[in-house]
Amino acid sequence: MKGLVVIPAYNEAPTIRGVLERLRPVLPAEAEILVVDDGAKDATASEARASGCARVVRLPCNLGYANALRTGLMYGLRGDYAWFAFMDADGQHRPEDMAGLIRAFSGGGADLIIGSRWQHQDIQKAAVPTGRRIGMVFFAWLTRKLTGRRLTDTTSGMKIMNRAVAGELLAHHFGDFHSEILIYLHDRRYRLEEFPIVVHERQAGSSMYSLRDAILYPWRNLILIAIFKLNSWLMGRVR
Amino acid sequence: MLLVLLLLTYTSFLVLLFHYQRREKMYVGYTTVLSLVFLAIMGIVVVAGLLQKESYLKNTLLVCLIITVWVLGSMLIYLMSQLTLAFEKIRQLTQHIAIRETEAEERAPRS
């Protein structure tokens, strides 16, 4: 099954080449890599091209993490890829975990698999700042309440999905493809699973999330979740 | 009593709007809905005033106030949504251009 690994990158010149060079050998031959340079001010795109193992889409301005992922999906859905995976460019994710995720997905049974740091026996809680950890725990709890499913790492940046799910993500306005998509997809009977991964601290640079994003993130997600639930409820009533 | 009826009218029209949009693939215009809501509310005011012997003028003023706030609020929401839509179109165009450029690079013969 031909697939595409989408890597959004913003000012990741110090790490992107190393990530790609470690990722390519562990991926199956039918998997391709696409780096989405989200308007980076450094040499992210040229470093990615220099690695020789990835295609690069270069956005002229910074559209944000979710729109970088959306660009990758837009590119992929124009082709004949059967699956799409997301991975961070900052070295937080291990290439071997991506290979494991692809193997688990190829085994069938799930429409979307999330890489979960809380499922792995080697949990590195220290790598998560306290504020972010509180948010993660809250949204995991909310997702469990609304779906009845125990999904532990709703904010994970490592995911794999089939074409149908990718189409859904492009068709609607989601935030950062976190808990809001899990609740939405669960309501539409998509099968969601988790896969244990290890998440390291970022090797260099700064997060794609600014302070403004960090403040807006919980409110935006809560509003999106409320809209989706209300929409499902209203549609269910008039059916 | 009047407020409950107003609330019920709003809800009914919103459900009706969702129903038409989804089942009949027919998109009811905003002006049509607003006119229908206005007529329905005025009808309720007249009926409620007759049944409950409440002050007709007070109820009419209340309805006019609610409608005015609703119309002004809706206009603001409409303007904001049009702005959001415009930015959304620009974003999509940016993404398409970037993708097309990558595809053109892939097709171009390597020197």
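Below, chains carry the letters A, B, ... as their sequence lines are ordered, and counting in each starts from 1. The figures that follow rest on heavy atoms only: side chains count, while hydrogens, waters and symmetry mates do not. On a predicted model such as this, the values are computed, not experimentally measured, just so you know.
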Pick one of side chain, backbone, both or neither for [X], based on which atoms fall under 4.5 Å of a heavy atom in chain B.
{"X": "A/Leu63", "value": "side chain"}
{"X": "A/Arg78", "value": "side chain"}
{"X": "A/Val56", "value": "backbone"}

State whether the side chain of A/Arg163 and the backbone N or O of A/Tyr81 hold a donor-acceptor pair below 3.5 Å, judged by distance alone.
yes
Is A/Asp111 reaching over with its side chain to a backbone N or O of A/Arg191, donor-acceptor style, under 3.5 angstrom?
yes
Inset, instruction - Could you go through the salt bridge (charged side-chain N to carboxylate O under 4.0 Å, His left out) check for B/Glu105 and A/Arg58 one step at a time? - result: CA-CA 12 Å; B/Glu105 279 171 20; A/Arg58 191 166 191 199; over 6 Å; no
(request) Compute whether any side-chain donor of one residue and acceptor of the other, for B/Gln95 and A/Thr71, lie under 3.5 angstrom apart. (result) yes
